[in-house]
Amino acid sequence: MAFTFQTQVSLASFNTFGLPATAARYGEILSAGQLVMLVRNGELAGQRTLVLGGGSNVLLTGDVEATVLHIRIPGRELIGSDDDYNFVRAGAGEKWHDFVRWTLEMGLPGLENLTLIPGTVGAAPVQNIGAYGMEVCERFMVLEAVDLKSGSLMSFDFKDCHFDYRDSIFKQEAAGRFVITSVTFRLPKRWTALTRYADVSRELAVRGIIDPKPIDVSDAIIAIRQKKLPDPAEIGNVGSFFKNPVISSEHFDRLLAAHPDLPGFRQLDGRIKLAAGWLIEKAGWKGRALGPVGMFENQALVMINLGGATGQDVRNLSSAVQRDVAEHFGVKLEIEPALI
Ligand code: EPU
């Protein structure tokens with residue numbers, strides 16, 4: 001059956017911040033083959049495109065003139081193994097959290113620290129999702145993506161993806177060019193729990209668990225996230241609104257002299273990663289609103305929609321927080337989600 005795009009589709013329920021936006025042209029993609037055909041038939045020629053997954057890392061600040069490709073490609077399977085790893089592939093449209101819990105049910109641990117992160121499997125490598133001491137690139141093997149220029153199905157291995165902190169080639173030079181259709185993960189057969197992160201070890205201790213199983217780590221992380229982070233089904237948000245900034249050790253020492261309780265984490269290159277949530281809290285924005293948006297009371301790094309927010313409201317609060325953090329600490333905060 002021929003594929004038909006819909007016109008004038010509301011995206012309000014397809015972005016977790018709940019911003020009002022209408023797509024001029026919208027199509028639901030259910031397979032890689034379907035996308036290949038659309039490109040080869042010239043359906044996307046000369047068109048700008050916007051790829052939408054779970055809508056949990058995107059701020060739609062106005063109507064979208066581009067063709068929206070809503071990726072709903074399903075599928076998850078164990079595709080093989082070697083002495084050290086099991087290889088698990090999932091369709092880009094699978095919900096990330098459901099996929100993680102499925103791997104645990106299948107006895108294939110390794111992704112449990114990334115439990116309850118909103119969004120889809122296909123979006124996970126784009127911003128190299130991370131939480132509680134792990135980034136998804138550590139479990140990544142390969143992904144398939146359709147080249148919107150040529151219509152060919154391409155493979156990207158670890159090296160090709162240029163992973164970095166909340167970053168990859170798909171946010172940089174390849175942005176807008178490829179649509180990820182499936183991702184294959186490499187899950188270790190010799191599993192050990194990763195519980196160094198203070199919140200995780202504390203939660204396990206509270207639960208009296210000394211030798212945690214994968215499901216215990218996952219359950220503990222659900223509890224931590226539910227305490228600190230708003231549920232996007234109830235309060236519009238896109239998780240962390242800013243990246244944690246990285247500064248020179250000289251800058252850090254100067255700040256530390258004035259703020260002895262400043263948290264900082266030394267990076268491999270000697271620079272120091274700060275906690276943006278701490279900076280925002282100290283700049284007076286935790287639990288404070290500007291119009292219909294505010295910084296969340298339990299985690300100052302998360303911007304929330306108090307109801308009826310527009311793209312302009314998001315921009316206003318974002319600039320105000322950036323300005324105050326820069327004034328207080330001389331640190332520039334960078335927005336983490338994609339601003340459309
Ligand atoms: N902090 C405060 N006040 C706040 C929030 C945080 O003082 O309101 C300080 C505390 O000292 C705390 C430290 O910041 O110990 C770190 O806070 P938290 O453990 O909540 O983590 P985060 O650095 O704020 C990052 C990720 C989250 C991820 C958590 C847990 C980024 C941008 N964010 O937040 O990812 O869940 O670590 O690993 O790296 C996301 O990217 O959307 C996201 C939620």
Side-chain angles (χ1 to χ4, degrees), residues 15-17 53-59 96-97 100 111-120 123-138 163-168 171 194-203 217-218 220-232 235-247 252 255-256 259-267 272-288 294-304 318 321-322 324-325 328-329 331-339:
N15 75 98
T16 62
F17 204 90
S56 57
N57 203 47
V58 67
L59 289 159
W96 174 260
H97 174 70
V100 170
L111 295 171
E112 57 287 338
N113 287 46
L114 306 178
T115 293
L116 211 59
I117 294 184
T120 56
V126 175
Q127 53 154 332
N128 186 17
I129 58 171
Y132 310 106
M134 173 180 292
E135 288 184 342
V136 78
C137 67
E138 295 167 57
F163 288 120
D164 204 340
Y165 166 58
R166 291 295 188 281
D167 203 17
S168 76
K171 274 178 97 172
L194 198 65
T195 58
R196 285 189 305 266
Y197 205 90
D199 276 352
V200 178
S201 50
R202 208 177 301 127
E203 182 65 31
V217 177
S218 179
I221 284 171
I222 290 177
I224 299 164
R225 291 187 75 95
Q226 285 178 342
K227 258 181 250 162
K228 284 199 168 184
L229 298 166
D231 178 353
I235 302 174
N237 77 91
V238 287
S240 299
F241 191 86
F242 298 104
K243 287 188 185 186
N244 282 329
V246 181
I247 62 171
F252 182 69
L255 288 177
L256 202 56
H259 310 277
D261 55 339
L262 174 73
F265 309 91
R266 190 169 291 278
Q267 306 297 290
I272 313 288
K273 188 187 268 185
L274 302 180
W278 188 95
L279 301 173
I280 296 168
E281 179 173 346
K282 296 295 165 185
W285 279 104
K286 188 171 189 165
R288 185 171 150 203
M295 304 313 291
F296 191 51
E297 57 191 355
N298 298 337
Q299 182 14 317
L301 187 49
V302 178
M303 190 186 287
I304 58 171
S318 162
V321 171
Q322 281 172 321
D324 286 356
V325 167
H328 277 77
F329 304 104
V331 173
K332 187 173 178 294
L333 290 183
E334 209 182 301
I335 294 178
E336 197 279 314
L339 222 69

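When a ligand or atom number is given, it counts from 1 through the structure's own listing order. The model shown is predicted, which means the values in this text are computed figures rather than measured ones. Along the sequence shown, the residues carry numbers beginning at 1.
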- Query: Within a strict 4.5 Å, meaning less than it, do heavy atoms of the K286 and I280 side chains meet?
  - Reply: no
- Answer yes or no: is there a side-chain heavy-atom contact under 4.5 Å between F252 and R266? no
List, pair by pair, the atoms of ligand 1 and of the protein that are both N or O and lie under 3.5 Å apart, giving the separation rounded to 0.1 Å.
| from | atom 1 | to | atom 2 | distance (Å) |
| --- | --- | --- | --- | --- |
| ligand 1 | 3 (N) | E281 | OE1 | 2.6 |
| ligand 1 | 7 (O) | E281 | OE1 | 3.4 |
| ligand 1 | 8 (O) | E281 | OE1 | 3.4 |
| ligand 1 | 8 (O) | K286 | NZ | 3.0 |
| ligand 1 | 8 (O) | A300 | N | 2.8 |
| ligand 1 | 19 (O) | Y197 | OH | 2.6 |
| ligand 1 | 20 (O) | K228 | NZ | 3.4 |
| ligand 1 | 20 (O) | Q299 | NE2 | 2.8 |
| ligand 1 | 21 (O) | Y197 | OH | 3.2 |
| ligand 1 | 23 (O) | N244 | ND2 | 2.8 |
| ligand 1 | 24 (O) | Q299 | NE2 | 2.8 |
| ligand 1 | 33 (N) | S240 | OG | 2.9 |
| ligand 1 | 35 (O) | R166 | NH2 | 2.9 |
| ligand 1 | 36 (O) | R225 | NH1 | 3.3 |
| ligand 1 | 38 (O) | Y132 | N | 2.7 |
| ligand 1 | 39 (O) | Y165 | OH | 2.7 |
| ligand 1 | 39 (O) | R166 | NH2 | 3.4 |
| ligand 1 | 41 (O) | R166 | NE | 3.0 |
| ligand 1 | 41 (O) | R166 | NH2 | 2.9 |
| ligand 1 | 42 (O) | S240 | N | 2.8 |

- Message: Between S56 and T16, do the side chains contain a donor N or O and an acceptor N or O under 3.5 Å apart?
- Response: no
- Query: Are the side chains of Q127 and R166 in touch, meaning some heavy atoms are under 4.5 Å apart?
  - Reply: yes
- Item | Side-chain heavy atoms of Y165 within contact of N128, under 4.5 Å | no
- Query: How are the rings of Y132 and Y197 set to each other: parallel, tilted or perpendicular (split at 30° and 60°)?
  - Reply: perpendicular
